[in-house]
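Data first, discussion second: the structure below is written as structure tokens.
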Amino acid sequence: MPELPEVETVVRSLEQKLSGLTITAVDLFKPEVIRFPKPDQFIEQITGKQFQKKLGRRGKYLLIHLSDGLTLVIHLRMTGRLIYCEADLPVEKHTHVIFHLDNGKHLRFADTRRFGRLQLAPTAEVSALPGIRDLGPEPLDKEFTREFLKKELRRRRTRIKSLLLDQCFVAGLGNIYADEALFRAKIHPERLAPDLTTREAAGLHKAIIEVIAGGIKHRGTSFRDYVDGEGRAGSFQHHLKVYNREGLPCSHCGRPIERIKVAGRSSYYCPSCQKPK
DNA sequence: ACGTAATCCTGGAGGC
DNA sequence: TGCCTCCAGGATTACG
């Protein structure tokens, strides 16, 4: 599932490939994946546009900056893939959009579960878009401080796992990195946010930064569908301590990892290292 | 204002 | 082997 490290890896893998290329045509097989504007308008507006030198990212949103002050905003959700490839590569199942490029290659959007969305917006208005407007700080930015985290924990009466998944709290964490951060901080997912001690908050702050940085360093977690912009898998799945490891021994104490539901989401944790308190 | 639950969608897993 | 049911999961919406 593309979370911050996966989206960042896609950005980095596509940036140098797309820079300076122009979109010559668009095949739109599934119009419903376009969030805005209407499909025919989308095609009309994006055709002929040139990719800028830099791509961007905000939380889990991929920002593809184009000429004439336009930005293509993409959210991959669960199974979305954005692949730069040769035009003669067989079109994989669930390919919903193909951008034809002026070097003869393709940029393809494929998404098995069709949750992902593409949206075209003026670059200047991207930060005000619904979904982006209310995002919390980037976990690797300096504004995501220990003090900020502690203050938010006190303000929000909810379970810590739910809070970590709330993009308005901090942007980019999903189920995998949230569970991994909680394990590294030795905090049970059902603990109430305001109940965390200052020491625990500091540990969680450090753990969030470490797992996100680790995910980026290993080019993302290829648990099932995820690959980068060139179709390559990441390797952070080899460094996961709890996620998808139900019944397997904890790397720290050897006790079996357990799975519970928190706010409707699977949560993997070590019952020994992460006490409910 | 806040929090939780249903919703979308398909492939894979598990039951029998 | 095959059919059926269930489930994963991010963000939006709908509801309490």
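First the proteins, then the strands, lettered A, B, ... as listed; each starts at 1. All heavy atoms count here, side chains included; hydrogens, waters and symmetry mates do not.
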Plane angle bin for A:His94 and A:His96 - parallel if under 30°, tilted between 30 and 60°, otherwise perpendicular: perpendicular
Whether A:Phe169 and A:Phe148 hold their rings parallel, tilted or perpendicular, with breakpoints at 30° and 60°: parallel
Non-hydrogen atoms of A:Lys161 and A:Asn175 that approach each other most closely: NZ-OD1, 2.7 Å
Closest contact, heavy atoms only, A:Met78 versus A:Pro2: O-CD, 3.2 Å
Pairwise distance CZ(A:Arg133) to CG(A:Leu129) - rounded to 0.5 angstrom: 8.5 Å
May I have the distance from [X] (atom [atom1]) to [N] (atom [atom2]), rounded to whole angstrom?
X: A:His94; N: B:dC9; atom1: NE2; atom2: C1'; answer: 10 Å
X: A:Leu192; N: B:dG3; atom1: CG; atom2: P; answer: 11 Å
X: A:Glu152; N: B:dG3; atom1: CD; atom2: P; answer: 11 Å
X: A:Glu190; N: B:dG3; atom1: CD; atom2: P; answer: 17 Å
X: A:Asp134; N: B:dA1; atom1: CG; atom2: P; answer: 13 Å
X: A:Asn244; N: B:dG12; atom1: CG; atom2: P; answer: 15 Å

Can you check whether [X] and [Y] have ring centres sitting under 6.0 Å from each other?
X: A:Phe144; Y: A:His205; result: yes
X: A:Phe51; Y: A:His65; result: no
X: A:Phe236; Y: A:Tyr177; result: yes

What pairs of nitrogen or oxygen atoms, one from the protein and one from nucleotides 13-15 of chain B, lie under 3.5 Å apart?
none

By side-chain contact (heavy atoms from CB on, under 4.5 Å) - contacts of A:Ser222 (at least two apart): A:Tyr226, A:Ala233, A:Gln237
Residues forming a side-chain contact (heavy atoms from CB on, under 4.5 Å) with A:Pro256, sequence neighbours excluded: none
Residue closer to the 5' end of DNA chain B, A:Lys30 versus A:Asp166 (nearest nucleotide): A:Asp166
Enumerate all atom pairs, one protein N or O and one N or O from nucleotides 13-16 of chain C, separated by less than 3.5 Å.
none

A:Arg117 side chain vs A:Arg114 backbone, donor-acceptor pair below 3.5 Å: yes
Main-chain N/O of A:Val242 paired with A:Glu180 side-chain donor or acceptor, under 3.5 Å: yes
Per-nucleotide protein contact string for nucleotides 6-12 of chain C (B base, S sugar-phosphate only, - none; heavy atom under 4.0 Å): --BBBBS
Interface residues of residues 157-164 of chain A with DNA chain B (non-hydrogen, below 4.0 angstrom): A:Arg157, A:Thr158
Result of checking A:Ile46, A:Leu72, A:Val73 against A:Leu118 for side chain to side chain contact (heavy atoms under 4.5 Å, CB included): A:Leu72
